[in-house]
Amino acid sequence: NQRFADLFNAVLFQGQEVLKPDSLEEQDTEVSGIIEMKDYKETLSRTRDVVKKMADGVEFVIFAAENQQHIHYAMPLRNMLYDSMGYLKECQELARKHRAAGEKLSGDEFLSGLKKEDRLHPIISLTIYYGETGWDGPCCLKDMIFDIPPQIRAVFPDYPMHLLEVRDSGKYFFRNPDVQTVFEISREAMAGHFDVIQEKYRDIPIRSELLTVIGTMISSRELRAMGENKDVDNMCTAIERLKQENLEKGKIEGMEKGRIEGMEKGRIEGMEKGKILLVKNMLLNGLSADEVKKYAQVTDREIQKARELS
């Protein structure tokens, strides 16, 4: 709860302690609801990554975190759908509650199943992006819409997305040392600043659970394994293993690139050789150089190569 609260406070509330750890409770991550119209009915079900409920007097506010390793070009719409399903779920629960209690609803209230005084609890979502490249996807619903005239854009109902990019997390101040450690090490590792990490965290012990999170954020199997196996004394050991892993990864990527380039070179050379053999056969069958150039679309140099071919 302390980490969750600090994350939201730093990103959404400029460090103010709006979320308090002792007021947070676990919330069901499944959101589902039935969309029903005159001739249409569908049940939707989705699962969110992390959901907490913050007590606010007798009511509460719901905060949800979505972890994203890859850029999702419909993320604002996805968040809007998740939030809407949360609201739909609460609406349907209220309607069922009223029916079960046998409460009498007015004609207008009967349409929705909600009473005039019913109110929903707010849902606030935060997307945490830890991909290899900067986020170039939409940050609000307007970003997903075709260009529209300014007059229409001004009245278009937008849906902004709260986004935290790990690569750009240096602008936030996290009070919780665990949160600060995870984001700082992940950010510097993504930038390749291993010496900076070693210098700052050389003598600072790091818990295995944090190393697992860092390994997940920077896509390091080695760090994840160290964290899961509790095989870590300090960040120096972890960084050395990470360097070695990146070196091996670079070798493999280089070999794969060389293999692909070699295949492409071989393919081009094979096509060239086949073309020269075709020209040679055309010449052997009595066609003149001008005729070969016309029908095979070749140059004088290629014709000369074909004549020299033994």
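Here, residue 1 is the first one in the sequence, and each next residue gets the next number. The figures that follow rest on heavy atoms only: side chains count, while hydrogens, waters and symmetry mates do not.
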Start with the C-alpha gap between Glu209 and Arg3, add the side-chain angles, then the distance that decides, and say whether salt bridge (Lys or Arg N to Asp or Glu O under 4.0 Å) holds. CA-CA 13 Å; Glu209 60 184 288; Arg3 298 169 186 169; 3.0 Å; yes
If the threshold is 4.0 Å, N to carboxylate O, is there a salt bridge linking Glu25 and Lys52? no
Please assess Asn9 against Gln16 for the test side chain to side chain contact (heavy atoms under 4.5 Å, CB included), listing each intermediate value before the final yes or no. CA-CA 6 Å; Asn9 286 335; Gln16 299 179 60; over 6 Å; no
Looking only at heavy atoms, the pair that brings Pro138 and Trp135 closest together is O-NE1, 3.3 Å
Reported CG-to-NZ distance for the pair Asp118 and Lys97, which is rounded to 0.5 angstrom: 8.0 Å
More than 12 heavy atoms of other groups within 6.0 Å of Tyr73 OH: yes
Taking all non-hydrogen atoms of both residues into account, name the closest pair between Phe173 and Ala10 and its distance. O-CB, 3.5 Å
Applying the side-chain contact (heavy atoms from CB on, under 4.5 Å) test to Ile123, which of Asp83, Asn79, Val61 qualifies? Asp83
For Thr299 and Gln304, test the side chains for any donor-to-acceptor distance below 3.5 angstrom and give the result as yes or no. no
Okay, side chain of Ser23, backbone of Leu19: is any donor-acceptor separation there less than 3.5 Å? no
Indicate, with yes or no, if Tyr82 and Ile124 share a hydrophobic cluster defined by side-chain heavy-atom contacts under 4.5 Å among Ile, Leu, Val, Met, Phe, Trp and Tyr. no
OG on Ser112 to CG on Leu105, rounded to 0.5 Å: 8.0 Å
Minimum heavy-atom separation for Leu163 and Cys139, please, with both atom names. CD2-SG, 4.3 Å
Contact between Leu126 and Phe63 at the side-chain level, heavy atoms closer than 4.5 Å - yes or no? no
Give a yes or no on this: more than 12 heavy atoms of other residues, nucleotides or ligands lie within 6.0 Å of atom CD of Glu199. no
Distance in Å, Leu120 CG paired with Tyr87 OH, rounded so as to fall on 0.5 Å steps: 7.5 Å
Note: Ser219 and Gln69 closest approach over all heavy atoms is OG-NE2, 2.9 Å
So, do Thr127 and His162 sit near enough that their side-chain heavy atoms are less than 4.5 Å apart? no
Find out if a path of hydrophobic residues (ILVMFWY) with successive side-chain heavy-atom gaps under 4.5 Å connects Met190 to Tyr201. yes
Say you draw a straight line from CG of Leu81 to CZ of Arg78; how long is it, rounded to the nearest 0.5 Å? 9.5 Å
Compare every heavy atom of Val51 with every heavy atom of Ala64, then report the nearest pair and how far apart it is. CB-CG2, 4.2 Å
Do Met85 and Lys89 have side-chain heavy atoms sitting under 4.5 Å apart? no
Does the ring center of Phe174 lie less than 6.0 Å from the ring center of Phe183? yes
Any ion pair linking Arg167 and Glu188 (charged N to carboxylate O, less than 4.0 Å)? no
Verify side chain to side chain contact (heavy atoms under 4.5 Å, CB included) between Ile128 and Leu7, making sure each step is shown before the conclusion. CA-CA 10 Å; Ile128 304 169; Leu7 181 65; 3.5 Å; yes
Asp300 versus Lys293: any side-chain heavy-atom pair under 4.5 Å? yes
Should Asp6 and Arg175 count as an ion pair when the cut-off is N to O under 4.0 Å? no
Does the side chain of Thr216 reach to within under 4.5 Å of the side chain of Asn67, using non-hydrogen atoms? no
Scanning both residues in full, the closest heavy-atom pair of Ala189 with Ile218 reads CB-CD1, 4.0 Å
Flag yes if more than 12 heavy atoms outside Gln2 fall under 6.0 Å of its CD atom; otherwise flag no. no
Within 45° of the ring axis of Phe60 and under 6.0 Å from its six-membered ring centre, is that where the NZ or CZ of Lys53 lies? yes
Which of these passes side-chain contact (heavy atoms from CB on, under 4.5 Å) with Tyr129: Asp168, Leu164, Ile71? Ile71
Can we say Asp158 and Arg153 salt-bridge, meaning some charged N sits less than 4.0 Å from an Asp/Glu carboxylate O? no
First locate atom NE2 of His193, then atom CD1 of Ile185, and finally report the distance between them rounded to the nearest 0.5 Å. 14.5 Å
Verify same cluster id: Val179, Leu12 (apolar side-chain graph, 4.5 Å): yes
Is Lys115 close to Ser106 at the side-chain level, that is, under 4.5 Å between some pair of heavy atoms? no
List the steps and the verdict of side chain to side chain contact (heavy atoms under 4.5 Å, CB included) for Leu77 and Tyr159. CA-CA 8 Å; Leu77 180 60; Tyr159 203 87; over 6 Å; no
Around Lys20, counting heavy atoms of other residues, nucleotides and ligands shown, do more than 12 lie under 6.0 Å from its NZ? yes
Start with the C-alpha gap between Glu165 and Tyr130, add the side-chain angles, then the distance that decides, and say whether side chain to side chain donor-acceptor pair (under 3.5 Å) holds. CA-CA 6 Å; Glu165 287 191 69; Tyr130 53 93; over 6 Å; no
Between Ser169 and Arg187, does a side chain to side chain donor-acceptor pair (under 3.5 Å) hold up when you go through it step by step? CA-CA 7 Å; Ser169 59; Arg187 183 175 64 248; 2.8 Å; yes
Do Cys140 and Met161 have side chains that approach each other closer than 4.5 Å (heavy atoms only, starting at C-beta)? no
Quick one: do Glu109 and Lys116 make a salt bridge, cutoff under 4.0 Å? no
Would you give the length of the straight line joining atom CE of Met54 to atom CZ of Phe4, rounded to the nearest 0.5 angstrom? 10.5 Å
Determine whether Leu88 and Met80 fall in the same hydrophobic cluster, where Ile, Leu, Val, Met, Phe, Trp and Tyr are linked whenever their side-chain heavy atoms lie under 4.5 Å apart. no
Side-chain heavy atoms of Met75 within contact of Glu66, under 4.5 Å: yes
Hphob cluster co-occupancy, Ile152 + Leu141, side-chain heavy atoms under 4.5 angstrom: yes
